[in-house]
Amino acid sequence: MRKIKYLLAVAVMSTSLLFGCGSNDSSNNDNKKNDKALTADEFIEKVENNDSEIKSADFKMSSSIDASADGTAVKASLTVNGSVDSNKNAKFDINIDAGDNGQQELTCYLAADGDNYVLYMQMMGQWCKLDLQQLTAAYGVDLSKDTAADNTSVDLKKVLEYLNGTEVKVSDDTYTLSGTIDFKKVFDAVAAVAGNNANMSAYEEQVNALADKVKINVKVSIDKDGQFKSFDMSVDKFEEDGLAVNELKLSISGSNYNNVADITIPDEAANATDIFPTFPMLGSVGGLGEK
């Protein structure tokens, strides 16, 4: 099970590296003769040259896993359909399918209040709310600090160093960059960033064993103006030391930019019970509050 968690961690980290690049086009159509093919570098330049200001959007995320570790099956899927309006309010519907362990659907709203957010969740027909600033402050996190990276200082072409076999295809005004993630290079990059804060060497033997067996495919797509459309990642089927992965997929897409109507928090959600008082207790029990 630890190996599956580690593999998922690498996949999520890889997604973070690539998310800024664009989106995926699932079409298998051949390139149109009138469309101009791009190199991988030119694809990145299209993204960097896009100066559109996104104030609202619809988004969708889906992920699935079908695997087993030492004979224990792990099969589950997650879908999220959501929207963010120009006021930074959001609504998203979540479906969690854990196979034999059941299925759950959640409706959530995220209401912006200055630099703070309040999360409203409907679970099993009941609404509850959680002030995120109170929650993070309880664990020593200051949301008022601007920790966001300066996007203008990011060289997106560096991303290409972590991809093998890159190719750009054009279809219906959609440019799709595809390739496979260099498993070892990604691990080395994470280890370099972590430095002495994490004992990454404990995982190095596992990474070396998996590097030649794990193939992580990625596709990122943009429109003709360099605007993000979608991102897809999948892991080819493989087996290694008691771990067998039949399917591991992640997809993210964005659409309807700057056309989302204002999102209003329903009265029944706004009047929900505040569940923050229970979280410090849960954190202490789970060790989350330890510093």
In Å, rounded to the nearest 0.5 Å, how long is the span from CG of L250 to CE of M233? 5.0 Å
Which pairs count as salt bridge (charged side-chain N to carboxylate O under 4.0 Å, His left out) when at least one residue sits in residues 178-192, sequence neighbours excluded? K184-D188
If you count heavy atoms of other groups shown closer than 6.0 angstrom to CD of Q126, is the number above 12? no
Does the side chain of T180 come within less than 4.5 Å of L163's, by heavy atoms? no
L119 and C108, any side-chain heavy atoms less than 4.5 Å apart: yes
In Å, rounded to the nearest 0.5 Å, how long is the span from NZ of K229 to OH of Y257? 9.5 Å
Here the gap from L132 atom CG to D113 atom CG, rounded to the nearest 0.5 Å, amounts to 11.0 Å
Does a donor on one side chain and an acceptor on the other come within less than 3.5 Å for S52 and N50? yes
For A40 versus L177, what's the shortest heavy-atom pair and its separation? CB-CD1, 4.0 Å
Is it possible for you to say whether W127 and M121 belong to one hydrophobic cluster, with membership spreading through side-chain heavy-atom contacts below 4.5 Å? no
Taking every heavy atom of N258 against every heavy atom of K55, the minimum-distance pair comes out as OD1-N, 2.7 Å
Would a 4.5 Å heavy-atom cut-off, applied to side chains only, mark L78 and M61 as touching? yes
Carboxylate-amine/guanidinium proximity below 4.0 Å for K213 and E239: no
Would you check if S56 and V84 make a side-chain contact, meaning some heavy-atom pair closer than 4.5 Å? no
ILVMFWY cluster, I263 and V80 together (side-chain gap under 4.5 Å): no
Look at the side-chain heavy atoms of Ile, Leu, Val, Met, Phe, Trp and Tyr, link any pair under 4.5 Å apart, and say whether V118 and I265 land in one connected group. yes
Are Y109 and P266 side-chain neighbours, meaning at least one heavy-atom pair lies under 4.5 Å? yes
Determine, step by step, whether K75 and E247 satisfy the salt bridge (Lys or Arg N to Asp or Glu O under 4.0 Å) criterion, reporting the C-alpha distance in whole Å, the side-chain angles of both residues, the deciding distance to 0.1 Å, and the verdict. CA-CA 9 Å; K75 190 171 184 177; E247 179 182 88; over 6 Å; no
Name all pairs fulfilling the side chain to side chain donor-acceptor pair (under 3.5 Å) condition that reach into residues 92-106, sequence neighbours left out, sorted by first residue then second. D93-T107, N95-E105
Residue set satisfying side-chain contact (heavy atoms from CB on, under 4.5 Å) with T264, at least two apart, ordered chain then number -> none
As an exercise, state the distance from OG of S62 to NZ of K249, rounded to the nearest 0.5 Å. 9.0 Å
How far apart are the closest heavy atoms of K129 and A272, and which atoms are they? CE-O, 3.5 Å
Nearest atoms (heavy-atom pairs only) where D241 meets D70: O-OD1, 4.3 Å
Could you check whether any side-chain N or O of D172 sits under 3.5 Å from a backbone N or O of T174, counting only pairs where one atom can act as donor and the other as acceptor? no
Return yes if some donor-acceptor pair links the side-chain N/O of N89 with the main-chain N/O of D85 below 3.5 Å, else return no. no
Please answer whether the main-chain N or O of Q227 pairs with a side-chain N or O of D225 as donor and acceptor at a distance below 3.5 Å. no
Taking atom NZ as the centre, does K215 end up with more than 12 heavy-atom neighbours from other residues, nucleotides or ligands that are less than 6.0 angstrom away? no
Out of curiosity, does Y120 fall in the hydrophobic cluster containing L130 (side-chain heavy atoms, cut-off under 4.5 Å, transitive links)? no
Using every non-hydrogen atom in the two residues, find where L38 and E42 come nearest and quote the distance to one decimal. CA-OE1, 3.3 Å
Atom CG of residue position D267 - does it have more than 12 heavy atoms of other residues, nucleotides or ligands inside 6.0 Å? no
Looking at CG of L248 and CZ of F238, how far apart are the two atoms once the value is rounded to the nearest 0.5 Å? 8.0 Å
To the nearest 0.5 angstrom, please state how far the CD1 atom of I96 sits from the OG atom of S77. 9.5 Å
K91 atom NZ, neighbour heavy-atom count above 12 within 6.0 Å: no
Smallest heavy-atom separation, L110 atom then F92 atom, equals CB-CE2, 4.3 Å
Using a 4.5 Å cut-off on heavy atoms from C-beta on, say whether the side chain of S86 contacts that of V260. no
Does any part of the side chain of I252, heavy atoms only, come nearer than 4.5 Å to the side chain of F59, both counted from C-beta? no
Do Y117 and K88 make a side-chain contact, defined as non-hydrogen atoms from C-beta onward lying under 4.5 Å apart? yes
